[in-house]
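All chains are named by letter (A, B, ...) in the order of the sequence lines, taking the proteins before the strands, and each is independently numbered beginning at 1. Owing to the predicted nature of the structure, the values given are computational and were not obtained by experimental measurement. Scope of the values below: all heavy atoms of this structure, side chains included, with no hydrogens, waters or symmetry mates.
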Protein chains: 2
Amino acid sequence: MSKSTQKSKIDRTGDRFELTRGSHARETAEDYVEAIARLIEEKGTCRGVDLAKLFQVTQVTVSKTLSRLQSEGLVDYEPYGPISLTKSGATMASYARERHEVVLEFLRSIGVSEEIAQVDAEGIEHHVSPETLEAFRTIARRKGTC
Amino acid sequence: MSKSTQKSKIDRTGDRFELTRGSHARETAEDYVEAIARLIEEKGTCRGVDLAKLFQVTQVTVSKTLSRLQSEGLVDYEPYGPISLTKSGATMASYARERHEVVLEFLRSIGVSEEIAQVDAEGIEHHVSPETLEAFRTIARRKGTC
DNA sequence: TGACAAGTTTAGCGTAGGCTAAGTTTGCGT
DNA sequence: ACGCAAACTTAGCCTACGCTAAACTTGTCA
Ligand SMILES: [Mn+2]
Ligand SMILES: [Mn+2]
Ligand SMILES: [Mn+2]
Ligand SMILES: [Mn+2]
């Protein structure tokens, strides 16, 4: 033993490339919990059909994704029932929403048109670290100025 | 006929949510061609093992992805041979690289630390429209000023 | 009460991108 | 020449997220 880790697997020292599988699943989770929170807030309830319309995918896709998110402890629902967030899901939703809003406000503040800002924010939000988010906040705050 | 599109499928009017499957495949393609271009430029040749080290995945994953990219006409290589870019792949690489550099420079210019900027740029680059990129360029240009 | 429509799930399929294990090819040094 | 190590591929498995077709549940209304 102590022949050091034979076969060594992978050295993840300083990798700026995240493993895409895990990354993409996290992005999906963030979009879902954010949408669920908003739907519940805006129309009192959230159903699979609402998410399917919003994300432009079939209800089947939504159903399968929700079941994954439930198994991960983010959402809660019974078959054929309305969808709610767990405490952990609600926490993720609130962070996701805050980040989304900051990114969107930031894009508007640097003169990106509304439609484009909406689309870009939807993607960028998932790749913004706390440090970058803070820098975005600062810029958005002095919108127009300078 | 003309009963309007029965079953209607999906109305993709104004969707800011891209279909994730296609999106992620495009992001992977962008990272690969950009990396291949850089490796060829910097060390004269590009092999699967280089990409595996860079992306921190196994050579098996690289091999399968390269075969997909070849079938899409972006890269060219023979079994056990070095990897090159097609014209189309080189074009994509040059756009990807320009975008990557602008995003990175922009993040630096608003005070994000080097390491964080590197990581965030790697993700953000894939979600920046031409309009947003232009806004980033403008901000990066007046780095320090204001 | 029952029929119907809308919503949801299940079954089965495809692609993309991860992995390990095992075999193949290639280049190099002795 | 040969052997060996590194590089690469193939086989087979997994998860995530798309889809269609088909079955099931639920609420509503005649
Ligand atoms: Mn969002
Ligand atoms: Mn999003
Ligand atoms: Mn890049
Ligand atoms: Mn990237």
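Whole-Å rounding puts the A/L66 CG to C/dT10 C1' distance at 15 Å. Residue B/R47 contributes atom CZ, which lies 10 Å from atom P of C/dT26 at whole-angstrom precision. For the pair A/D50 CG and C/dA6 P, the interatomic distance rounds to 15 Å; values are reported in whole Å. One interatomic measurement links the two molecules: NZ of A/K53 to C1' of C/dT8, which rounds to 13 Å at whole-angstrom precision. Rounding to whole angstrom units, NZ of residue B/K64 and P of D/dG12 are separated by 12 Å. A/F55 places its CZ atom 11 Å from the P atom of D/dC17, with the value rounded to the nearest Å.
Using a 4.0 Å cut-off, no side-chain N or O of A/S63 falls inside it from OP1 or OP2 of C/dT8. Contact between the side-chain N/O atoms of A/T61 and the OP1/OP2 oxygens of D/dC17 is not found at any separation under 4.0 Å.
By the side-chain hydrogen bond (donor to acceptor under 3.5 Å, both in side chains) test, B/E115 pairs with no residue at all, sequence neighbours left out. Taking B/S94 as the reference, nothing meets the side-chain hydrogen bond (donor to acceptor under 3.5 Å, both in side chains) condition, with sequence neighbours excluded.
Remark on DNA chain C: of its neighbouring residues B/E72 and B/Q59, the 5'-side contact belongs to B/E72, judged by nearest-heavy-atom nucleotide.
Residues B/M92 and B/L74 come closest through the heavy atom pair CE-CD2, 3.9 Å.
Side chain of B/R68, nearest nucleotide from C/dA16, C/dT8, C/dT20: C/dA16. In the set D/dC8, D/dC19, C/dT20, the nucleotide with an atom closest to the side chain of B/V60 is C/dT20.
In this structure, B/R137 pairs ionically with B/E134, as a charged nitrogen and a carboxylate oxygen lie closer than 4.0 Å. Between A/R16 and B/E122, at least one side-chain nitrogen of the basic residue sits less than 4.0 Å from a carboxylate oxygen of the acidic one, meeting the salt-bridge criterion.
Ring pair B/F136/B/F106 is parallel by interplanar angle, where below 30° counts as parallel and above 60° as perpendicular.
Note that NZ of B/K64 is 9.0 Å distant from OG1 of B/T58, once rounded to the nearest 0.5 Å.
Side-chain contact check for B/T132 and A/D120: at least one donor-acceptor pair (N or O, by modelled atom type) lies under 3.5 Å. Residues A/Q118 and A/E114 bring a donor and an acceptor atom of their side chains to less than 3.5 Å of each other.
A heavy-atom distance below 4.0 Å to DNA chain C is reached by these residues of residues 74-88 of chain A, ordered by number: A/Y77, A/P79, A/Y80. Remark: A/H24, A/A25, A/T28 in residues 22-33 of chain A come within less than 4.0 Å of DNA chain D through at least one heavy atom.
Among residues at least two apart or in separate chains, ring pair (Phe, Tyr, Trp, His ring centres under 6.0 Å) pairs with a member in residues 25-46 of chain B are B/Y32-B/F55.
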Polar atom pairs (N or O), protein with nucleotides 3-6 of chain D, under 3.5 Å:
none

For A/S88 and A/T91: C-alpha separation, side-chain torsions, deciding distance, then whether side-chain hydrogen bond (donor to acceptor under 3.5 Å, both in side chains) applies.
CA-CA 5 Å; A/S88 151; A/T91 301; over 6 Å; no
